[in-house]
There are 2 protein chains.
Amino acid sequence: MKPTIYDIAKKAGVSAATVSNVINERGRVGDKTRKKVLAIMDELQYRPNTAASVLKGKAAFTIGFFVPDMLNPVYMEYVKHAEERAQERGFSIMMCSTENDPVKERLQADVLRQKNVDGFIITSKFQNEELLREIEREQYPSVCIAHERPDFQFDSVSGNDWEAGIMAADYLFSLGHTNIAMIAEKDSVSSYGRIEGFKERFRKKEMKQPLIRYAEASIDQAKAMALNLLKQDDRPTAVFGGNDVLAVGIMQAARTLGLSIPEDISVIGLDDTFLCQIVSPQLTAIAMPVKKISYRAVDLLIEQIEKGGTLKSTDLFPPVVIERDSARKL
Amino acid sequence: MKPTIYDIAKKAGVSAATVSNVINERGRVGDKTRKKVLAIMDELQYRPNTAASVLKGKAAFTIGFFVPDMLNPVYMEYVKHAEERAQERGFSIMMCSTENDPVKERLQADVLRQKNVDGFIITSKFQNEELLREIEREQYPSVCIAHERPDFQFDSVSGNDWEAGIMAADYLFSLGHTNIAMIAEKDSVSSYGRIEGFKERFRKKEMKQPLIRYAEASIDQAKAMALNLLKQDDRPTAVFGGNDVLAVGIMQAARTLGLSIPEDISVIGLDDTFLCQIVSPQLTAIAMPVKKISYRAVDLLIEQIEKGGTLKSTDLFPPVVIERDSARKL
DNA sequence: TTGAAAGCGCTAACAC
DNA sequence: GTGTTAGCGCTTTCAA
């Protein structure tokens, strides 16, 4: 059997409480006693049983991470960095894909709470608002990542979507483009800001509004949309993909039509996932600081867990243009 | 406070034991009683506390998944499918990246055991053999995924690496190539089989052995290696990437040298991750049935958890050639 | 068919 | 400084 504090205690000739004290560095324990206990713990390869301490009300050191959408690698990048940071801080990540399905979200949220995860990281496409309200009401430690929820009291950490939209427009303007289209993601909270920022810039310049088409975050859907767009008489000279997956779809559509990038058409993406470096030509993109966002989200969540209570802080990281080879000066 | 079985019991006018019995569908409970209890559980939104039942010795319904290497998307695909299957079977996944670091492996394995995960899924690049021995000794439910460990008693589920190597060679031969090189992954158990299968075919045909170079699974390293390879006088007409990441590196090297694919040089990959569909031209690859492997691994692990004991089964799924546009007939 | 009671491994208040 | 004790929420044997 796996050793318990009692085994350690007996062998060290002390009580379980003392062992517990040395483990948690609490109370006053004599130096000799501590060393002895430590030595025996080591000898017996003792590992405290988290279930027991959780039952007593201590943290589980585990964070539930909802992944909405496996089609878009950006979520995996969020998870990956979150896990990295969580590990540094002594936490584990339970990954839960919900596939934009409110029923799955409910199911998994229930499971995670049963398993006593200390808090949630909620990604941008979370659907089940009723559940969100419930989590808010329970004051379950939670942070929204990659999007804001102004209607809720959650802390949020995200890239500035609105600004990203603006930057996309400005960047394309600076290259001399005026006939520009955008393919945006459907049903995503963060997509909205990206679109609005983008349009805003056209309004400000009193230019005719850009053509906007909607697609799910899949290469094929974006490709289909883009194919349609690029066959028009008055073909845009530049297309902005609301996220990298969409941009890759656009690139494939261009290629299918025999259009070369960036000679015949410029394409830019948004997020700056590793997709950008894999396609050819490499994709110019508005980069969201995914790693920073993940790290900050984990840190904020842990703060909530340790201190209790939300701060209703809204961290907004600025995006930045990463120039590569998919867009050119007109 | 969150309701406990006692709250349910009190409200239903029964004992906690009875509530437990209806939750677990155990023992004999009167039909009326059960319905009443169920109704109250629903009303109070009762969710059993996993920590308590784990403490009593029941399963945690959680699987620890070691991710060795975030650079290669194939591992994320394994995780993704494993999580999908686990969810179907009522399990959660705790994701743990170890970055090929034996120290991290040890740390995380300890953490996961403390947290009472029911078993491990171990990926191909796991380094810490001493730890593996320990896990084996403890008979901790575990399955090796995407590689075999003949020296250990673990169940394993993988694609047939050796056959994949053979298929790569045969496929390239069938296209008329004879001057072929391979860039293989360093320090990976599965890489070995791929290389040996590949070489075997040359031996059988009594051809001169292919040039083999080694690189970490990073695009840049593969690119550097490939650059070197493709500058030689007697440049190969085809290069086989030991995995998709490597193949993408090779493609980039070719492009850098102004070589067009597949006209000047054919490239094929192995694994068939989504990278293959994103690059252009799309990458012909030997596909490993990643999803099947993940599903089977989860199922096997759950079987171990439920039944106890390893079966020492070695599942080997056959690879298959997926023809796309990166290789041509000579 | 149901209930009483002990105990899983750990923590924390309190007593010594 | 160290030990005693009660109890976290649940399961399970045994008795009723």
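Chain letters run A, B, ... following the sequence lines, proteins first and then strands; every chain starts at 1. Model, not experiment: these values are computed from the prediction.
Remark: nothing in residues 39-46 of chain A comes within less than 4.0 Å of DNA chain D through any heavy atom. Near DNA chain C, meaning a heavy atom under 4.0 Å away, the residues from residues 50-62 of chain A are A52(A), S53(A), K56(A), K58(A).
Atom pair N49(B):CG and dG9(C):P shows a separation of 17 Å (rounding to whole Å applied). Whole-Å rounding puts the N21(B) CG to dG9(D) P distance at 20 Å. The nearest whole Å value for the distance from the NZ atom in K32(B) to the P atom in dT1(C) is 13 Å. One atom, CD1 of I5(B), and another, C1' of dC8(D), lie 12 Å apart when rounded to the nearest Å. Rounded to whole Å, the distance from NZ on K10(B) to C1' on dA4(C) is 17 Å. Between E25(A) atom CD and dA12(C) atom C1' the separation is 17 Å, expressed in whole Å. Note: CD1 (I23(B)) to P (dT12(D)) measures 12 Å, nearest angstrom. Note: CZ (R113(B)) to C1' (dG9(C)) measures 18 Å, nearest angstrom.
The existence of a salt bridge linking E138(A) and K2(B) is excluded, since no basic side-chain nitrogen approaches an acidic carboxylate oxygen closer than 4.0 Å. The pair E303(A)-R296(A) fails the salt-bridge criterion, with no side-chain N (NZ, NE, NH1 or NH2) lying under 4.0 Å from an Asp/Glu carboxylate O. Under 4.0 Å is where a charged nitrogen must lie from a carboxylate oxygen, and between R133(A) and E136(A) at least one such pair does. In summary, K312(A) and D155(A) do not engage in a salt bridge, as defined by a charged side-chain N under 4.0 Å from a carboxylate O. Ionic pairing of E88(B) and R85(B) is present here: one or more N-O contacts between side-chain nitrogen and carboxylate oxygen are shorter than 4.0 angstrom. Between K125(B) and E99(B) there is no salt bridge, since no side-chain N of the basic residue sits under 4.0 Å from a carboxylate O of the acidic one. Salt bridge K11(B)/D7(B): absent, no basic N to carboxylate O contact under 4.0 Å.
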Pair V189(A)-R149(A), side-chain contact (heavy atoms from CB on, under 4.5 Å): steps then yes or no: CA-CA 8 Å; V189(A) 179; R149(A) 299 260 179 191; 4.3 Å; yes
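Put simply, R26(A) has a side-chain N or O that comes within less than 4.0 Å of OP1 or OP2 on dA12(C). Side-chain nitrogen and oxygen atoms of S20(A) include none within less than 4.0 Å of the OP1 or OP2 phosphate oxygen of dC10(C). Remark: T18(A) is not in phosphate contact with dG1(D), judged by side-chain N or O atoms under 4.0 Å from OP1 or OP2. At dT11(D), one or more side-chain N or O atoms of N24(B) fall inside 4.0 Å of OP1 or OP2 (strictly under the cut-off). Between S15(B) and dT2(C) there is no side-chain polar atom (N or O) within less than 4.0 angstrom of OP1 or OP2.
Using modelled atom types, one side-chain atom of D118(B) and one backbone atom of F61(B) make a donor-acceptor pair closer than 3.5 Å. When atom types are taken as modelled, the side chain of E105(A) and the backbone of Q127(A) share a donor-acceptor pair closer than 3.5 angstrom.
Bending across the helix from dT1(C)-dA16(D) to dC16(C)-dG1(D), expressed as the angle between its end axes from five pairs apiece, amounts to 40° (10° rounding).
At least one side-chain heavy atom of V37(B) sits under 4.5 Å from a side-chain heavy atom of V14(B).
F65(A) approaches V79(A) most closely through the heavy-atom pair CE2-CG2, 3.6 Å.
Within 4.0 Å (heavy atoms only), V19(A) reaches no atom of the nucleic acid at all.
Nearest-nucleotide assignment on DNA chain C puts the 5′-proximal partner with D31(B), out of Y6(A) and D31(B).
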